[in-house]
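Numbers here simply count residues along the sequence, with the first being 1.
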Amino acid sequence: MIAVHATTATLAGEFALTILWLTTVRYVGGMVLALVMGAWTSGGLSFVRTRHLGFQLARSALLAMVTVGAFVGATRLPLPVVTALGFSWPAMATVWGWVSRVEAPSRAKALSVAVCATGVTALATTAGATDAAGILIVLTGATANAAQVVLNRRLALLNESAATSTFYMGVGGVAVVAGWWLIAPSSPLPALGLQGTLLLVAVPAVSVLGQTLYALAQARVETAQLAPLTYIFQLPFSAAVGVWVLDQPAPTVPRLVAMATIVVGALIAYWPKRLAA
């Protein structure tokens, strides 16, 4: 995720690439790559058949919202702030899991949700007007991400393969992007040169790899435990990338405290078993 966000910020900032172009390449390239990977691992195209088309299309539409929110956020907010806000979706996914009865509630999960919400609120209070709009966009994407993660978990429990889910992620994203082009087409693709082209190709490649690995993991582990694990090492890494690679200012002390609170909330999902009931 950090690699995709950093690449997006670079392409939008240094190469003036629009969010629509970034999203288009991410999903068109991702669908083609998922098709090739699925055919290779499955020995054919049998993986494109699904018994849960509605779930797949709903999940892919939600994931398109996630992508747009993350891409816009990466161009408006410092990378560690975008990453910290991403820590809020494990808590949201836990709530979605309870509401949809995919996973059982517990005291530890409830405490995790409360602490994450406190951290997000504190982070929002450190933002200016521009940052506040960016935070709202990223949180909207995080909410959609939570819903699609729960759907992904449901599909895994229904024995839908990771290759199938990754492929339909691309199909739904391409449909959303096609509608976007019809309603509000973007400017022509700018000249990128070799560096820009390589960065652009990396967006779908890294995204598909991450989604496939996550889909495989969700067949084995509860969302409430898997989601925090995927993010726990990303906050310091994103801060380092933001400062040293993207030349963004270092997070202020209030923001560091708020982001640390979100991380603690995510870690509570691993609380001792005596709180699990």
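- With Thr164 contributing its side chain and Phe47 its backbone, the two residues share a donor-acceptor pair below 3.5 Å.
- Side-chain polar atoms of Thr23 and Trp180 form no donor-acceptor pair below 3.5 angstrom.
- Between the CG atom in Leu45 and the CG atom in Leu35 there is a gap of 6.0 Å [rounded to 0.5 Å].
- Residue Leu158 is grouped with residue Leu151 when hydrophobic side chains (ILVMFWY) are merged at heavy-atom distances under 4.5 angstrom, including chains of intermediate members.
- In terms of modelled atom types and a separation under 3.5 Å, the side chain of Ser42 and the main chain of Ala39 share no donor-acceptor contact.
- Residue Val171 is grouped with residue Val66 when hydrophobic side chains (ILVMFWY) are merged at heavy-atom distances under 4.5 angstrom, including chains of intermediate members.
- Looking at Arg59, its side chain does come within 3.5 Å of a backbone N or O of Ser165 through a donor-acceptor pair.
- The hydrophobic clustering, which links ILVMFWY residues whose side-chain heavy atoms are closer than 4.5 Å, places Val174 and Val36 apart.
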Item to complete: Start with the C-alpha gap between Leu155 and Thr50, add the side-chain angles, then the distance that decides, and say whether side chain to side chain contact (heavy atoms under 4.5 Å, CB included) holds.
Response: CA-CA 10 Å; Leu155 287 164; Thr50 177; 5.6 Å; no
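- One finds the CH2 atom of Trp181 at 4.5 Å from the CG atom of Leu20 (value rounded to the nearest 0.5 Å).
- For the side chain to side chain donor-acceptor pair (under 3.5 Å) criterion with Glu160, the lone passing option out of Gln56, His52, Arg51 is Gln56.
- A distance-only check finds no donor-acceptor pair linking the side chain of Trp21 to the backbone of Pro190 [under 3.5 Å].
- By the rule that hydrophobic residues join a cluster once side-chain heavy atoms approach within less than 4.5 Å of another member, Val68 and Leu136 end up as members of separate clusters.
- Heavy atoms only, all atoms of each residue included: Gly29 and Pro204 are closest at C-CB, 3.8 Å.
- Taking CD1 from Ile137 and CE from Met65, the interatomic distance works out to 11.5 Å, rounded to the nearest 0.5 Å.
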Worksheet item: Taking it one step at a time, do Val28 and Val177 satisfy side chain to side chain contact (heavy atoms under 4.5 Å, CB included)?
Response: CA-CA 9 Å; Val28 174; Val177 166; 5.6 Å; no
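- Defined by atom type and a distance below 3.5 Å, a donor-acceptor pair is missing between the side-chain atoms of Ser60 and Tyr27.
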Discussion item. Walk me through whether Leu17 and Leu189 qualify under side chain to side chain contact (heavy atoms under 4.5 Å, CB included).
Written reply: CA-CA 7 Å; Leu17 204 61; Leu189 184 69; 3.4 Å; yes
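- The CD atom of Gln148 sits 12.5 Å away from atom OG1 of Thr143, with the distance rounded to the nearest 0.5 Å.
- Residues Val138 and Gly69 share a closest heavy-atom pair of CG2-O, 4.0 Å.
- Taking CG of Leu200 as the reference point, atom CG of Leu22 lies at 6.5 Å (rounded to 0.5 Å).
- Put simply, OG1 on Thr24 and CD1 on Ile19 are 11.0 Å apart, with the number rounded to the nearest 0.5 Å.
- Val176 and Leu62 fall into different hydrophobic clusters, where Ile, Leu, Val, Met, Phe, Trp and Tyr are joined by side-chain heavy atoms under 4.5 Å apart, directly or via other members.
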